[in-house]
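Working notes, structure below.
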Amino acid sequence: MRDATPAPALHRRSFLKYSGALGAAATITSTLSACSSGPESTNETGDGGEGGEGADRTLTAVIGYGNDQSWDPLMTASAFAMAGNHHIYEGLLDTDPISREPYAALGTEVPADLRATTWRFTLREGAKWHDGQPVTADDVVFTYGRVLDSKTTTLARNFFASWLKEVKKADDRTVELILKFPFPEGVQRLTLAKIMPKHVFGKAGALDEATTGKAVGSGPYRQTAHHPKSNTTFAAFADYNGPRKAAFKKMNWLTIVDAAPRVAKISGSSAGAQISDNIPYANISQLEKGGLKVEGGAGMNHLFLLFNTAHKPFDDVRVRQALHYAIDKEKMIQAALRGHGKAASSFLNEGNPTYRRAKPVYDHDPAEAKALLKAAGVSGLKVTLMAVNVSWIVDCLPTIKASWDAIGVETTLEPQETAALFTKLDQKKDFQVVAAASNPNQFGLDADLIMHYNYGPGNTWMRYARWEGNSVAKDLFKRMDAATREPDPERKKTMTQEYIDVVAENAVIYPVVHNELITAWDSRELSGIRAQPYPGINVLQAKWA
């Protein structure tokens, strides 16, 4: 299980530069127009130009997130790269982007007994990599070797290490996943372990190429070119024999983070794209009047605050609670989100099956905020709020500043590019509070996954917060592990809700509002599109109208 080359430092850090993820998911705002030619491609593998009319025409999509983050499917939390990788790579199983029901992908069937501790998979006969080589069990073992290797800090490890013991080759087309204990929820997570070709990425230095944009998979689309900060192109893979075949001969995905040019690209008679995610709320009516279909997806997308607990007075839970109580969330929802949001009443959004109103809930209460600061012996507090410059986050910042100023906390706003902000955190530079966006629904819906993404032991977010060594955190991690192992579903749900209360009370990394994500497309040209409640698009079941 040690086939993978240990990742270099840059590779280990790459997913952290994205906060759409932050996971899922804020993004990098490019200072260049995504409509320009951009820098030279880092990965040219074929014709990536615009198609003509008819069968050869190109599906052009606009993604409101940067495409200059890691494309390593085991590392990335980039909305752009994750969405692209779902079209390029396959897991043993993949999941429907909306229902999250698992379906056979590289594996030929879903295990019949999800409570078994051994899941046996036969690989799809005739499955090929985009370079023409056959997919084998060695590729699966290589991939899971990276996932489970404690010396290789992959993002995917957070979703597998607690319950998956090992992956063994039975023969060239058969593998066995050995579980530590029965864990039916794990079947949906197999889509997060996109199988990678050992003969390509097992070579020295090859994982660095995956980080910078190289993608070679077995899925219905192959990557034909990758231009960081500009666009990535795809072509239908002629030898794909899996369940969700390519309906578009070519695709061109543009990255346009700035709202105005993104909306312009899909608007009017000269529209240059058929679909866009991350539509600003202010433009919904305009696009609908222009004949586009505009739909929202409500999920776990949220603005959160991250506190540096090693920087006084943010080590005091009362100060963190005070700053949450102070925020006028309803004003934020109306002014910045145009009503497309809800004040957080738990770490989980209200639509999550495990949701329960937390203890406490940070309703707007300036008096309580002032009382908590007084009890903590804090006065004359000055806060520098660093933030990602994603458009809707920036829209929310004035409300936070006004709310904190109103309780006597002098607030300075510092919005900046996501990569720059998280590079500072990665380099362990000092900070006070960070505001960013996240959407763990990129990875799945189950609460265990969501909470481990943000609060698991050894978790990068915990290191950012400097909270991992805290006695409360250590007890929290034990509670989380016990809930993971609990076999009874109802008892597991209760245990999870109880430790989420601990997370709420301590408010080290905690949401302020959950908001809806909006997708727009031309239904006169495209059919089968479904709006996702998380960033990006999925067109594996779409086609020309």
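Between Y464 and W461, the ring-plane angle classifies as perpendicular under the 30° and 60° cut-offs. Using cut-offs of 30° and 60° for the angle between ring planes, the F80 and W253 rings count as perpendicular.
Taking the side chain as every heavy atom from C-beta outward, L74 and T152 never approach each other to under 4.5 Å. At least one side-chain heavy atom of F160 sits under 4.5 Å from a side-chain heavy atom of L190. K331 has its side chain out of reach of S403: every pair of non-hydrogen atoms, C-beta onward, lies at least 4.5 Å apart. In this structure, I400 and T411 have side chains that are not in contact, with every pair of non-hydrogen atoms separated by 4.5 Å or more.
At least one donor-acceptor pair under 3.5 Å links the side chain of K329 to the backbone N or O of Y362. Although no hydrogens or angles enter the test, the distance criterion places a donor-acceptor pair under 3.5 Å between the side chain of Q321 and the main chain of E505. A donor-acceptor pair under 3.5 Å is formed between the side chain of N459 and the backbone N or O of H452. Of the possible polar contacts, none joining the Y510 side chain to the A344 backbone as a donor-acceptor pair under 3.5 Å is found. At least one donor-acceptor pair under 3.5 Å links the side chain of W404 to the backbone N or O of L323. At distances below 3.5 Å, not a single donor-acceptor pair connects side-chain atoms of N278 with backbone N or O atoms of V257. N506 contributes no side-chain N or O that, together with a main-chain N or O of V508, makes up a donor-acceptor pair within less than 3.5 Å. Proximity of a side-chain donor or acceptor of N67 to a complementary backbone N or O of K229 within less than 3.5 Å is detected. Side-chain N or O atoms of K493 include one that pairs as donor or acceptor with a backbone N or O of P353 at under 3.5 Å. Of the possible polar contacts, one joining the K492 side chain to the T484 backbone as a donor-acceptor pair under 3.5 Å is found.
Rounding to the nearest 0.5 angstrom, the gap separating the CG atom in N515 from the NE2 atom in H302 is 9.5 Å. The OG atom of S70 sits 11.0 Å away from atom CE of M82, with the distance rounded to the nearest 0.5 Å. How far CD1 of I509 is from OH of Y453: 9.5 Å, rounded to the nearest 0.5 Å. Residue K194 holds its NZ atom at 13.0 Å from CG of D72, rounded to the nearest 0.5 Å. Within the model, atoms CG of D481 and CE of M495 stand 9.0 Å from one another, a figure rounded to the nearest 0.5 Å. Rounding to the nearest 0.5 Å gives a distance of 7.5 Å between CG of N538 and CZ of R530.
Between R479 and D475, at least one side-chain nitrogen of the basic residue sits less than 4.0 Å from a carboxylate oxygen of the acidic one, meeting the salt-bridge criterion. A salt bridge between D446 and R100 is absent, with no side-chain N of the basic residue lying under 4.0 Å from a carboxylate O of the acidic one.
Contacts classified as salt bridge (Lys or Arg N to Asp or Glu O under 4.0 Å) and involving residues 344-362 (residues at least two apart or in different chains) are given here: K342-E350, R356-D501, R357-D363.
Checked by atom type, the side-chain pair D430/H311 shows a donor-acceptor distance below 3.5 Å. Defined by atom type and a distance below 3.5 Å, a donor-acceptor pair is missing between the side-chain atoms of K214 and T211. Checking R463 against T460 by side-chain atom types alone, a donor-acceptor pair falls below 3.5 Å.
In the displayed structure, E498 atom CD is contacted under 6.0 Å by more than 12 heavy atoms of other residues, nucleotides or ligands. The 12-atom threshold is exceeded at NZ of K180, counting heavy atoms of other residues, nucleotides or ligands nearer than 6.0 Å.
Annotation: ring pair (Phe, Tyr, Trp, His ring centres under 6.0 Å) contacts of Y281 (sequence neighbours excluded): H340. For K424, the side-chain hydrogen bond (donor to acceptor under 3.5 Å, both in side chains) partners two or more places apart in sequence, or in a different chain, are Q416.
When every heavy atom of S78 is checked against every heavy atom of Q69, the shortest pair comes out as CB-CB, 3.7 Å.
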Please determine whether salt bridge (charged side-chain N to carboxylate O under 4.0 Å, His left out) holds for the pair K312 and D315, giving the CA-CA distance in whole Å, both sets of side-chain angles, and the decisive distance to 0.1 Å. CA-CA 6 Å; K312 291 185 179 297; D315 59 328; 2.9 Å; yes
